Every structure is written in structure tokens, then in C-alpha cells.
Amino acid sequence: MRVTRIMSLFAIFVLLAAASAAQSNRPSQTFETSAGPVKVTPLYHASMLIEAGGKNIYIDLAKPANFSGLPKADLILITDIHGDHMDPEAIAAVSKSGTQIFAPPAVVATVTTAAAISNGETKSWAGWSIEAIPMYNLKRGPEPGKLYHDKGRGNGYVLTYGGKRFYISGDTEGIPEMRALKNIDVAFIPMNLPYTMTPEEAADAVKAFHPKVAIPYHYKGQDVQLFKKALDGTGIEVRLLEWYPQ
């Protein structure tokens, strides 16, 4: 009996150690705020984990992101209806009793446990201010007269915590609402064709609102060095992270 219990405890220890190792091997960025550090961990493509104040916020959970060893979600934010942003199976994998979900109304039609937040609305949650920002295409679409992302359907988000402002753009081109943003500390910017914009277009949009730090994401197939080069000498720090782990 005692041997069995020791073996069970050892097995639990091994699992916890493996989970801890899996999480520690993921690249992350930590940003200091007046309310304490905010840790951001890229997971895959548009999926990320934000940790602050003992709470875990996931953005755009979707396969093939690997969630092993990661904490359960306190809050999930979803930007759009496409499968690389909205994945009910991935949402279920990290949810627990009490997990809250904020999403645009078009997403709530599928993820029915989510609370709707529309462009221009702001919610307060656990010390965070969450503002829904428009995200849409200006010119790119599957055929003439249609856009990949229609205005009003999806949300970008400006998340404020401890005086720091984090912009999660979602799938968008360099729209006027992005260019008009103020006092952004960290901006996550997409650049993949044909759905959003080129690295050069993304850099041009970023110059307009001048965040302190710009981080490319949602960039599969694009040369992010072109984005970085286009921002050389602007005073904007570009951080290139790994969003497509093997």
C-alpha cells in the first residue's frame, strides 16, 4: 500500500515537472506595469497567453497550438469567426469552471457561452480595461466586391493594465482606427497575404501610431525582417518572436 502511494506521488511529481518544463521552454516577454508584471507567451500564429496578477488570459485559442503544461483560462478573448481565431475544441481544452469569454457578436453565435463585446465597447475585468477596436480589410478579399474581414464583424483589443496599453490587432489592414491609436506600449501586428497586409504595409501603419514596442504575429509565410527594417530609425522597438514552433 505504501509502495503504491509512493509510486503515485512520484508519477504526479513527474507530470508536474514535465508540465513546468513544457511551459518554461516557451519563449515569453515580460512587461513591467504599476500593477505588477505582465507576461506574454506566444503559442501559435494568433494564439497567445497573457499572465498578470495571478490571472490567465488567452487570445484566439486555436489548433495546432499546444496547450500542454499551460494553466487553465480565467478569461478568453476571441477576435473573429475564422478557424485560426475561434476553435471550440481549443476553448474547451483550456476552460475551467468560471472561465469567462468575451467575443464579438458574430462569434457568440457559435461560442454561445461568450459575452458579446462590439467595436467601441469597453469592459472591466480583474484590473484590466478591455476595449474592442475595429479590425477589417480595406481592399483585400476573395473576389471583387467582397472582403475577407468586413468592418464591424471582428474585434481587435486594447488591453490596459497597470498603466500599460497592449494592442492586439486581430486580422486587419492598416485601417484609420489603428492609425489613430494613442499611447500604445506594445502592439501585436499581423502581416500575411492575402488576408491582412504586407510587412511593409504593416510597418507604415505602425509608424502612424508609434507604439513603444511592435511585435509581428499572424505572419506565416512572410519575411518579418522586412517589417523590422522598415521601422529602423523610428524609435519603435521591434521584437521578433517565434509564433510557429516545430
Side-chain angles (χ1 to χ4, degrees), residues 26-33 38-50 59-60 62 65 77 79-80 82 84-85 119 131-142 147-151 153-160 164-246:
R26 301 173 190 267
S28 63
Q29 301 284 301
T30 299
F31 303 92
E32 296 300 327
T33 82
V38 172
K39 180 181 177 183
V40 181
T41 303
L43 300 179
Y44 189 89
H45 191 54
S47 300
M48 69 183 84
L49 166 62
I50 300 175
I59 313 290
D60 282 349
L77 297 177
T79 63
D80 197 26
H82 291 160
D84 55 340
H85 301 271
N119 291 177
E131 181 183 358
I133 304 295
M135 51 144 276
Y136 57 93
N137 286 107
L138 294 167
K139 59 184 180 181
R140 292 189 170 94
L147 298 172
Y148 288 113
H149 306 90
D150 294 314
K151 186 175 183 178
R153 189 187 74 198
N155 292 332
Y157 295 101
V158 172
L159 311 179
T160 304
K164 287 285 176 69
R165 287 163 56 79
F166 301 82
Y167 172 49
I168 316 293
S169 67
D171 281 7
T172 187
E173 293 184 54
I175 58 176
E177 294 89 343
M178 175 193 291
R179 292 173 177 272
L181 291 170
K182 304 293 184 184
N183 304 315
I184 299 297
D185 293 286
V186 184
F188 293 85
I189 303 295
M191 51 200 77
N192 69 316
L193 295 179
Y195 305 106
T196 60
M197 50 188 166
T198 68
E200 293 88 349
E201 289 170 341
D204 182 69
V206 166
K207 288 176 185 176
F209 69 96
H210 211 279
K212 292 178 181 176
V213 177
I215 299 176
Y217 85 137
H218 199 289
Y219 60 75
K220 192 170 187 179
Q222 302 300 304
D223 183 355
V224 292
Q225 291 292 343
L226 296 175
F227 175 78
K228 187 175 189 303
K229 183 177 180 180
L231 291 174
D232 283 350
T234 63
I236 300 168
E237 180 187 354
V238 177
R239 299 188 187 182
L240 303 181
L241 310 182
E242 178 55 75
W243 293 85
Y244 300 95
Q246 300 299 314

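Keep in mind the model is a prediction, meaning the values are calculated, not measured.
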Full working for side-chain contact (heavy atoms from CB on, under 4.5 Å) between V206 and F227: CA-CA 10 Å; V206 166; F227 175 78; 4.1 Å; yes

Closest approach of D171 to T196 (non-hydrogen atoms, all atoms of both residues): CA-CG2, 3.8 Å

Y167 and F209 aromatic centres sub-6.0 Å: yes

Validation row: E173, R140 side chains within 4.5 angstrom (heavy atoms): yes

Distance, nearest 0.5 Å, that separates NZ of K228 from CG of L231: 9.5 Å

I168/L77 under side-chain contact (heavy atoms from CB on, under 4.5 Å): CA gap, chis, key distance, verdict: CA-CA 10 Å; I168 316 293; L77 297 177; over 6 Å; no

Minimum heavy-atom distance between G170 and M135, given as atom pair plus value: CA-SD, 4.0 Å

Neighbour count >12 (heavy atoms, 6.0 Å) for atom OH, Y195: no

For the student: nearest non-hydrogen atoms of I184 and V186, plus distance: CG2-O, 3.5 Å

Rounded distance (nearest 0.5 Å) linking atom OG1 of T172 with atom CG of N137: 7.0 Å

Flag side-chain contact, heavy atom, 4.5 Å: I189 against M197: yes

Atom of L138, atom of G174 and distance for their closest heavy-atom approach: CD1-O, 4.0 Å

Residue pair Y219 / P190, side-chain heavy-atom distance below 4.5 Å: no

Validation row: R179, K207 side chains within 4.5 angstrom (heavy atoms): no

Nearest-0.5 Å distance, OG1 of residue T33 to CZ of residue R165: 14.0 Å

Distance-minimising heavy-atom pair for D84 and A46: O-CB, 4.2 Å

Test item: E177 and Y136 side chains (from C-beta on) under 4.5 Å apart, heavy atoms: yes

Side-chain touch Q225/L240, heavy atoms, less than 4.5 angstrom: yes

Nearest-0.5 Å distance that lies between atom CD in E201 and atom OG1 in T198: 3.5 Å

4.5 Å side-chain heavy-atom contact, F166 and Y157: no

side-chain hydrogen bond (donor to acceptor under 3.5 Å, both in side chains) evaluation trace for Q222 with N192: CA-CA 6 Å; Q222 302 300 304; N192 69 316; over 6 Å; no

Aromatic ring pairing H218/H85, orientation class (parallel under 30°, perpendicular over 60°, tilted between): parallel

Donor-acceptor pair, side chain of W243 and main chain of K220, under 3.5 angstrom: no

Euclidean distance, K151 NZ relative to I175 CD1, rounded to 0.5 Å: 7.5 Å

Minimum heavy-atom distance between L147 and P142, given as atom pair plus value: C-CD, 3.8 Å

Residue pair D60, T79: steps toward the side-chain hydrogen bond (donor to acceptor under 3.5 Å, both in side chains) verdict: CA-CA 7 Å; D60 282 349; T79 63; 2.8 Å; yes

Within-4.5 Å side-chain heavy-atom neighbours: T41 and M48: no

Centroid-centroid distance, Y217 to H45, less than 6.0 Å: no

Working for side-chain contact (heavy atoms from CB on, under 4.5 Å), residues K39 and I50: CA-CA 6 Å; K39 180 181 177 183; I50 300 175; over 6 Å; no

Salt bridge (Lys or Arg N to Asp or Glu O under 4.0 Å) partners of R239, counting only residues at least two apart: E237

Interatomic spacing from CD1 in I215 to OG in S169 - rounded to 0.5 Å: 11.5 Å

Cationic N near anionic O, under 4.0 Å, K212 to D185: yes

Pair K164-V38, side-chain contact (heavy atoms from CB on, under 4.5 Å): steps then yes or no: CA-CA 9 Å; K164 287 285 176 69; V38 172; over 6 Å; no

Salt-bridge present (E200, K229; N to O < 4.0 Å): no

